[in-house]
Visitor: 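A single structure is presented below for examination.
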Amino acid sequence: MNIINLKDKNLYYIGGVVRDELLGCKSFDVDLTYNGDAIEFAHTIKDAEILRINNPFGTVKIKLNGEEIDIASTRSETYPQKGHLPVVEKIACSLKEDVMRRDFTINAMAKSTLTGEIIDYTGGMDDLKNKKIRVLHDDSFIDDPTRILRALKFSVRFGFDLDEHTKKLQDEYLKNINYDMSYKRLKKELEETFNLNNWSAFERFINQGIYKLVASQDFELPKYDFSKLISEFKPENIWIIYVGLMPDISALPLTKIEKNIVEKFKDLAILRFAQNDIFTDFEVYKAFKNIPIESVIMYSTINHEIVEHYLKDLKDIELEITGEDLKKLGISPSPKYQECFNFILKKKIKNIQLSKDEEIKFAKEFFCKTQNFYN
Ligand code: ATP
């Protein structure tokens, strides 16, 4: 664990960092909670510089010996609007009350910064040993359905299963989803889950009906497992390759880039139906070259042979010849330029070793054949 340089009898590591230490995994961040008012506590720390205070949440950021440290006050929360952000009920509540607002027992343990003692009010240790993900109360998914995705994320990350009762609560919720929820938070969990590029997460997402949180229409698991293409070709926006396959994800607040990936995939899917398949390498190249690699990988669920062929054999083919080279040959710019490039491209697809000189030779050949004015 990333031990911070601050110890106090009321200061605890809490949540994921404790879980990860017990599992022997690396933690992404260190959450600290002060059993009481963290802001008051921060003012008493010798040599600490207070960088930021958030009074409504009782959190504070300090700088101590060059290290930036976030400390939260213990707080309890309620969900007046189910599925949306909770509101703070009480700041400086007991550690036990703080722990009870959390998602799963494995994320609800605290460790004293002073003695190293683990405080486990909810049976998190046993669940860690038994590899179980268990909610803390029966309304947990109703309060916050993003926890269903968090459960999926942790089960895939650690190889855990949902405890039986928790699975029952999940199934009940998924039969009766309240779609008035925060899709921004849901999106964050989708990103974290599917950026893991784990096919088994996608299988569970679909087979357990979790996808219904996002898309109300039925959706089946694609037959082709494209996770290996993602590992090999390393696209930037992994999660959208999975989630964007669903029929309607308009509820999610997508970025421009993500929207474009989904739209381009849909265009490709239509292209297949309109043209009843793509035939030559040149056509495959032209269809895929200028669209995001994420959309191309999504298309592998429709025709994986073509996508594999494109990614492995065609994707990196580029002409070296430019419009400037044609100008130097004395040919004035016209739509014929594009025709010429396509002519050379067809040659280069057949022989990727083609040098720039050879490309220029083909350009001359093209203009000799097609135009009288070239000398
Ligand atoms: P990761 O390793 O993915 O960061 P984490 O457990 O640290 O996992 P965070 O999202 O950083 O997850 O949250 C920190 C802690 O806050 C969790 O361990 C959990 O106790 C609590 N928490 C986070 N999200 C929720 C939620 N939706 N409902 C209840 N508690 C939550």
Side-chain angles (χ1 to χ4, degrees), residues 1-2 4 12-35 38 54 57-59 61 69-89 93 95-111 118-125 127-128 132-160 162 166 169-170 173 178 181-198 201 210 213 238-239:
M1 136 147 52
N2 288 331
I4 50 120
Y12 293 88
Y13 296 104
I14 195 137
V17 63
V18 182
R19 174 202 68 214
D20 289 344
E21 189 193 31
L22 291 168
L23 284 171
C25 303
K26 193 176 172 307
S27 222
F28 297 114
D29 53 0
V30 176
D31 288 317
L32 285 170
T33 205
Y34 183 79
N35 192 358
N54 181 334
F57 280 89
T59 58
K61 191 188 221 28
I69 305 173
D70 289 296
I71 311 172
S73 305
T74 39
R75 67 171 189 267
S76 59
E77 293 175 340
T78 54
Y79 287 82
Q81 207 185 349
K82 305 286 181 197
H84 289 265
L85 275 179
V87 297
V88 176
E89 191 182 44
C93 65
L95 184 62
K96 189 169 186 181
E97 283 172 288
D98 179 287
V99 151
M100 293 314 292
R101 73 179 164 84
R102 292 171 187 272
D103 48 2
F104 308 114
T105 59
I106 58 167
N107 290 344
M109 288 177 279
K111 178 179 173 178
I118 303 273
I119 313 287
D120 178 15
Y121 292 116
T122 66
M125 286 278 228
D127 285 335
L128 268 191
K132 291 287 176 207
I133 293 173
R134 184 192 310 269
V135 288
L136 304 192
H137 58 87
D138 283 6
D139 279 349
S140 189
F141 294 138
I142 298 170
D143 284 345
D144 181 356
T146 65
R147 289 173 185 162
I148 292 180
L149 279 166
R150 289 178 61 82
L152 174 67
K153 175 178 78 180
F154 293 123
S155 67
V156 168
R157 196 194 290 169
F158 303 127
F160 285 16
L162 259 61
T166 300
L169 294 171
Q170 173 182 295
Y173 185 79
N178 172 9
M181 68 173 92
S182 163
Y183 283 94
K184 194 173 152 207
R185 300 178 69 211
L186 202 69
K187 183 188 165 192
K188 178 180 162 278
E189 295 299 339
L190 286 167
E191 282 186 64
E192 287 185 15
T193 307
F194 288 108
N195 280 339
L196 296 171
N197 186 28
N198 183 304
I210 301 172
L213 290 171
I238 297 174
W239 79 279

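Reckoned from all heavy atoms, side chains included, excluding hydrogens, waters and symmetry mates. Every number for a ligand or one of its atoms is a count from 1 in the order of the listing.
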Visitor: Check whether Asp120 reaches the backbone of Gly124 with its side chain - one donor and one acceptor, N or O, closer than 3.5 Å.
Guide: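 Judged by distance alone, yes, a pair lies under 3.5 Å.
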Visitor: How about Ser76 and Glu97: does a side-chain donor come under 3.5 Å of a side-chain acceptor?
Guide: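 Side chains of Ser76 and Glu97: no pair found under 3.5 Å.
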Visitor: Mind checking what makes side chain to side chain donor-acceptor pair (under 3.5 Å) contact with Asp20, not counting sequence neighbours?
Guide: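 For Asp20 the side chain to side chain donor-acceptor pair (under 3.5 Å) partners, ignoring immediate neighbours, are Ser27.
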Visitor: Return the protein residues near ligand 1 (heavy atom under 4.0 Å from any of its atoms), ordered by chain and residue number.
Guide: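 Near ligand 1, by chain and number: Gly15, Gly16, Arg19, Phe28, Asp29, Asp31, Arg101, Arg102, Asp103, Asn107, Asp144, Thr146, Arg147, Arg150, Lys153, Phe154, Arg157, Arg185.
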Visitor: Can you list the residues that meet the ring pair (Phe, Tyr, Trp, His ring centres under 6.0 Å) rule with Phe160, with sequence neighbours excluded?
Guide: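 Phe160 satisfies ring pair (Phe, Tyr, Trp, His ring centres under 6.0 Å) with Phe158 only.
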Visitor: Quick one: do Asp144 and Arg185 make a salt bridge, cutoff under 4.0 Å?
Guide: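 Yes, Asp144 and Arg185 are salt-bridged.
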Visitor: Looking at residues at least two apart in the chain, or sitting in another chain, which of them share a side chain to side chain donor-acceptor pair (under 3.5 Å) with Lys153?
Guide: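 Partners of Lys153 by the side chain to side chain donor-acceptor pair (under 3.5 Å) criterion, ordered by chain and then number, come out as Glu189, Glu192.
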